[in-house]
Each structure stands twice: as structure tokens, then as C-alpha cells.
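Chain A is the first sequence line, chain B the second, and so forth, proteins listed ahead of strands; every chain is numbered from 1.
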4 protein chains.
Amino acid sequence: MQTVATLLQATARILVEEGAERLTTNHLARKSGFSIGTIYQYFPNREAIVLALIERQRSKVRERIALVMQDRTGSVEERLRRIVRTLHDAFNLHRNADQRLTFALLRLAIAHGLPTPTDAIAEAIVAVWRDAQDAEHRPLNASETFVLTRSVIEVLRHATLHGSPLLETVEFEDAILRLILGFLREEARPAGPDA
Amino acid sequence: MQTVATLLQATARILVEEGAERLTTNHLARKSGFSIGTIYQYFPNREAIVLALIERQRSKVRERIALVMQDRTGSVEERLRRIVRTLHDAFNLHRNADQRLTFALLRLAIAHGLPTPTDAIAEAIVAVWRDAQDAEHRPLNASETFVLTRSVIEVLRHATLHGSPLLETVEFEDAILRLILGFLREEARPAGPDA
Amino acid sequence: MQTVATLLQATARILVEEGAERLTTNHLARKSGFSIGTIYQYFPNREAIVLALIERQRSKVRERIALVMQDRTGSVEERLRRIVRTLHDAFNLHRNADQRLTFALLRLAIAHGLPTPTDAIAEAIVAVWRDAQDAEHRPLNASETFVLTRSVIEVLRHATLHGSPLLETVEFEDAILRLILGFLREEARPAGPDA
Amino acid sequence: MQTVATLLQATARILVEEGAERLTTNHLARKSGFSIGTIYQYFPNREAIVLALIERQRSKVRERIALVMQDRTGSVEERLRRIVRTLHDAFNLHRNADQRLTFALLRLAIAHGLPTPTDAIAEAIVAVWRDAQDAEHRPLNASETFVLTRSVIEVLRHATLHGSPLLETVEFEDAILRLILGFLREEARPAGPDA
DNA sequence: CATGAATGAGAATTCATTCAT
DNA sequence: TATGAATGAATTCTCATTCAT
């Protein structure tokens, strides 16, 4: 629906330009050009508007991840780097407005108790590793999967949330890749003298 | 002040037993046994109460970390494991009530835009690595430090925030250690053809 | 009109199944299968719908009373009992759904300031008495007529409104008859010393 | 409390002068001279204000009834007449303002589903009868008690609710007395030829 | 130091009604 | 006739904060 799209767009604009605390139903009505009544024709309550916006953004991320996953060419490192880069994009690092929106939505998602939807990303990383695995590798257990996938997502989320300037550097991408590869390869390695 | 302590204690109790949305100044007055007026004798506004509680909790963590850091015995792995275990404790994994408080304070800290105070931990981990480092190791750059330290903290914070049952397992601690060690050792390793 | 009948039927269903406070125009539209616009084609405003439903129910009662009045056979007691029994039925005591509707409509009639339409019943009772009256009886004055007729109606209305279980007993009917007969015969009786 | 009294007084004034539909919390605040916040310091919600006013009025009636009951002198007829007269007063028949308030409160009581509190009056009437009873009288059963007491109350309530001018006549009081006495004496009477 | 009655801006939500199609 | 998206005035209620005592 056109009206819903307009309302979500206005919601995003308020979030970006004025902050979450100014996102009141009356203010949204004014800004969107619709009346309060109209908002409540399409959303049962204020929370639902925010949740719809979060969901819309998340589904976009899911689509991008799915797209990247279809490309099975290249080495493990190359494939993992593609995933990392996609996440980078997914967190909207490039345009300032979008970054602010991501920022706001992340906060709201936490405030509303929504879990970070890492399922797709988790699967992606683990799948690449599984594909490349020779017989000698033990599959990752629950804790390992959790730590590996969440650490990647959370470090990105954290950097986004605090607007770290490192986010735009290649070094940052390299460091994340190092985190993933180091973790995955660690098992194979014999315990050295210094550890 | 005794009064301030009582107020913060009551604040914590409300957070744990009733949730952040019930933490209103009037309710705090009723629960603490003081009047609203008294609250405003000690805190300029509502936000200050929450921030004071967060700060109190954070200083406790800082103290524990500092304590652990003083113990420079053992291998790199042992020292890192001690740090990880301290963090575990710091996130109050054992007693349920405290976990709920940590949970609530994390959310509030995010809502108030407070940065996660990883400085002490970051220093701790990096210092251990530096101590053990031979000449051939290149020091970590800004992105690497950021990724390594935040990933550890954020994965713990995330697990706490969502009440993951993995938190109480040894496997989880092992996985975090693997994350750290894998990252640190990764540089030294020659890039293999498949990875 | 078929449409009007359907709308009133849906109104009754909402009143019975969900209560008066859920009787909103939008809800009625949804439940009736018509659009809000259509409702306003047939009724000038919300109140008119309720009033139409009340009127429909009242005309049914009037019809029944008129029918009973045509039967002039039997003793005074028998004829009065027939009237009382008709009122019983009129208040829809038997089927639960109808009782709820009566209940709801009574409340609404009061809320809208509608007078209880006792005219027909009043006439019926007084007429029976007048018919059987011998010369020695003084006709009822305005206050007496009022008190006699309203007391019967109001006691029934009250019992209905509060869902009294007595309503379904024969004793209850007997008591109402006793109220009427006692009142009518009281005049004739010589005042005793103690009563 | 002075504030509560002022608020209830303002509530009564609005009810009398402007009608129940104008009794909004904001309007009450304006009229009472207090702020909305103050209203909510003393009442949990809008309904509670109305209920408090109803309860206050009812307790006044209860007190008057209790007072009249203490006087056990005179014949049954005299004692019953005293009760009837008290009810008359209780329904505030004399001053116009009070009548409007009674009117409004009655409607509100019905709208809020409150039962008419006839207990005290019921007891009063039945007790007088019981006191005067000789051995030959059968005590009233549940239906009889219900019909007798409610008919008296409801006919008064009805007359008040519709502002009947009969209320101020002696005839009216006589008629009610006739209703009571007729009912009570009816049992003793042998079925005559005309009934 | 402590109190707590009073404040009032402002938030979410409802619902009867309109009107262009 | 019928539709239903849009309206917006009005309502209830919350809660941080003030200030006279």
C-alpha cells in the first residue's frame, strides 16, 4: 500500500532527522501528511510502526545475504570476504542518512527486545566453512557457532551504533576476516609453546 | 551517602523485579521509602539516577579486571583465560537476580547512548599479547584492536542480553578463548592455498 | 429493507455477544458485512441504530400485550395472571441470548433517556379491574395507577436487569400477582387496629 | 480530604449543570480548579470518581434509613409510612438541584452495572412486618420479599428518574403504602368471589 | 534535609462521520 | 446504492518536576 509506504518513510525520516524520542503518533501524522486516524487504520499501535520498519530493513538485509550466498566461486577466504563485505553494506555504512537510520533501528530493536537476526549470516559463514572442510575437521559445536557468528555481527553492530570511523577502512574488513579465519583455523593448529 | 545508596538499591530492585518501564520517579519514591522531594535532593533528574547505577556497576567491573591484570603468571593462554573468566563473572552469569540487573542496565546504557566501556578489557587482552610477543610479531593496528576486543565483549553482552543458556557452559569459555587466540595467531600463519 | 434488517440483527448480535461498549459503527460494519458508508445510507447516526432496535423490540411487546387483552374470559385473577405471564415472556426470560439482549436494550434505553413504555400494560391491568368492578369501588386515581403499574413493570425490569434467578420460578409470578391483587383489594378492606 | 471533597463536589455540579457526557477528566480539572494530575493523585481512573460519588450518596441514604429504623413506636401502618417517607426524602424530591443529581447518579449506577442497594430498605419493611406478625402469618419467601421490596424502591426510582410531578403529592405516598399493606395483608384474605 | 500535594505538557488511542469514487 | 480511505476532535491517563512548608 502507498499509504503504509509513506508512513514508514516518514517514520524513517523522523528517526534520522529528529531522533526516536520525537517519534510520536501525533508528530508522525503531521510529518507524513496523514491524520492520526489514518495511522491507526494501518497499524494497531505505535510499536507496530517501528517493528514494521525494522522488519522491512531486515528483510532487505536477508535478501542481500541470500544473493551473496548463491555465488559459490572462489577460495574460502574470498567467499568469506564477500560475506563480510555484504554485511558492511547491510549495515549501511556509506550514506550518512542510512547510517543514522540503522543506528536508530538498532537501538529500537534492542529496546523492543528483538533478537539480532543472525541466522542467515551464521548459516552463510558456517556453510562456507563446511563446504571447504576436509575430513580431518571437526564440525563446530553450538558454543563455537554462537561465538563465531555473533562476534562478527556484534562487532559490526557495535561499530555502527557508535559511528566508528574505522568502519570505512579496508583494514577493518581485513580485521574481521582475520577474526573469522583465525577462529576457524585455530582448531587445526597444534598448541604452540607460547599458548 | 546512605540515602543515595538506598535509592540506587531500590532502583536496582525495581529494574530486576518490575522492569525498566516501571522505573518512574514516583514509584521509586514509594519503593525506596523516601519522598519524591528527597530523590530530587540527590539527583538532578531521573536520568541521573540510572546513569549513577550504571556507573556504579561499571566501576565494579573495572576493579575486578584490574585485579586480574595484576596476576602476570602463567602462559598467554592461561592469562587470557583468566581474563575471559573474569568477564564471565563480570556479566554476572551465576545468580539470576544479578543477571536480570545486568540485562536491564545494558539496555538502559544503550538507550542512553552510553558506549560500552571496553577500554580496560581491551588493554588487558592486548597487554597480555604484547607481553608475550617476540620480535617477529607486528603490533595490532587500530582496526585489529577494535575488532578483537569488541568482538569478545559484544559476544558476551549479546549472550547476556538474550539470556543464552550457553553462557553457563565451559565450551562457551573455550570458544571465546579460541576466538582470541585464533585472531592473535592468525597473522603468524602462512596463507594456505585453500584459505 | 433487507439491509436494515441485517444491520439491526448484527447490532443485536454484538450487543449480546460482545457488549454495548463494543458497538461502534466500524465494528458493526465489519460484523454486518456492509461498509460504514452503507450504514450511513440507512441511519443518520449511531444513536438512530440503537433507537431503531429498541423500537423494534418494544413494538413486539406491544403486539403481545394487545393479543392477551383481547381474551376477556375467566376471573379477574385469571386475566391478571395472563397479563403477568405475558410480561414475563415479553422480558424474554427463557432463552439466554434474548435475555442478554433485553438486558442490553434496557440499559441503552435508560442511557438514552427513553421512558419505559408501560402505557399498554398499565391500561391492561386497570381495564381488567374496571371491568370486574362493582359500584362500590372507587376508581384508581393518578398516583394509584402510576404506583400499581410501574411497580409491576419495574420489578420485572429490575429482575431482568440483574439477572435474578427468581425470574424463572412460579413463586415469582405468584408474588407479582399478589402485589397487584393486594393493591386492588386493599381499598375495600376495613383498616384493622394493628395493620 | 479537602481535595477529594472539592473534586466530588465539582463532579456533582457538572452532572447537575451540564450532564454526564460532559464529565470528562479535563473538564473536571478545569471546573474544580485543580489540574488533571491532581485528579489522578486521588482517583485511579475516571470511573472511580463517579463510583465514589455514588457511594457517598448511598451511604447518606443508608444512614437515614438506619435512623428511622431505630424508632419502633406506633402501628405497623405508621411505621411503614415513616419508612416510605424517608425513602421519599432519600430520593431527594424536594430541591431541584438534588433531584437532578440523583437522576444522574441513578443513570450512572445503571450504566456501571451497580445493583440498587435495597438491602437496608428491604430489611426495614420486612422487619416491621415480622415484628407485628401473629402466629398465623406465614413468613415471606424469597420471591415475595424480592417483589415487595423492589417494587417499592423501583417505583420511587422510576418516578425520580422521569421527574414525575406525582412525587410531591400525598396521594403518591398513600399509594405506595397501599401497595405495601395490600401485599402484606393479601395472604390472610380468603379468596373472594371476584378473584 | 525532607516532604508530598500539585502541576500540566503531552502521549497514545478511539470512533463517529464525511465524501470522492 | 455501495464503498472504505481518511479524518480529527476529543478522551483518558502518565510522569518528571516544582516548591511551599
d([atom1], [X]; [atom2], [N]) in whole Å:
| X | N | atom1 | atom2 | result |
| --- | --- | --- | --- | --- |
| L23(C) | dA16(E) | CG | P | 8 Å |
| R22(B) | dA16(F) | CZ | P | 12 Å |
| H27(A) | dT13(E) | NE2 | P | 17 Å |
| E21(D) | dA16(E) | CD | C1' | 16 Å |
| I49(B) | dC15(F) | CD1 | C1' | 12 Å |
| R30(C) | dA5(F) | CZ | P | 12 Å |
| I14(B) | dA16(F) | CD1 | C1' | 15 Å |
| I39(A) | dC15(E) | CD1 | C1' | 16 Å |

Item to check | Position toward the 5' end of DNA chain F (nearest nucleotide), F34(C) or T3(A) | outcome: F34(C)
Just the atom pairs and distances: protein N or O near nucleotides 17-21 of chain E's N or O, under 3.5 Å.
unit_1: dT17(E); atom_1: OP2; unit_2: Y40(C); atom_2: OH; d: 3.0
unit_1: dT17(E); atom_1: OP2; unit_2: R46(C); atom_2: N; d: 3.0

Kindly write out the residues that satisfy side-chain hydrogen bond (donor to acceptor under 3.5 Å, both in side chains) with [X], not counting sequence neighbours, or none if the list is empty.
| X | value |
| --- | --- |
| E55(B) | R62(B) |
| R13(D) | E17(D) |
| H27(D) | E18(D), R22(D), R30(D) |
| T6(D) | Q2(D) |

Quick one: is [N] close enough that its OP1 or OP2 comes under 4.0 Å of any side-chain N or O from [X]?
| X | N | result |
| --- | --- | --- |
| S35(B) | dT3(E) | yes |
| T24(D) | dA10(F) | no |
| T38(C) | dT1(F) | no |

Item to check | Pairing pattern in dot-bracket form [Watson-Crick, G-U; both distances under 3.5 Å; | = partner strand] for DNA chain F | outcome: .||||||||||||||||||||
Checklist entry - Under 3.5 Å, is there a donor-acceptor pair between the side chain of N26(B) and the main chain of A29(B)? => result no
Next on the checklist: Quick check against the 3.5 Å criterion: does R56(C) have a side-chain atom that pairs as donor or acceptor with the backbone of L51(C)?
Outcome noted: no
Next on the checklist: One pair to check against side chain to side chain contact (heavy atoms under 4.5 Å, CB included): R58(A) and L114(A). What are the steps and the verdict?
Outcome noted: CA-CA 12 Å; R58(A) 287 190 170 181; L114(A) 293 183; 4.2 Å; yes
Next on the checklist: The test is side chain to side chain contact (heavy atoms under 4.5 Å, CB included); show your working for F103(C) and V16(C) and say whether it passes.
Outcome noted: CA-CA 9 Å; F103(C) 189 105; V16(C) 167; over 6 Å; no
Checklist entry - So, E63(A) and K60(A), do they make that salt bridge, N to O below 4.0 Å? => result no
Checklist entry - Just checking Y42(A): base, sugar-phosphate only, or nothing, at a heavy-atom cut-off of under 4.0 Å? => result sugar-phosphate
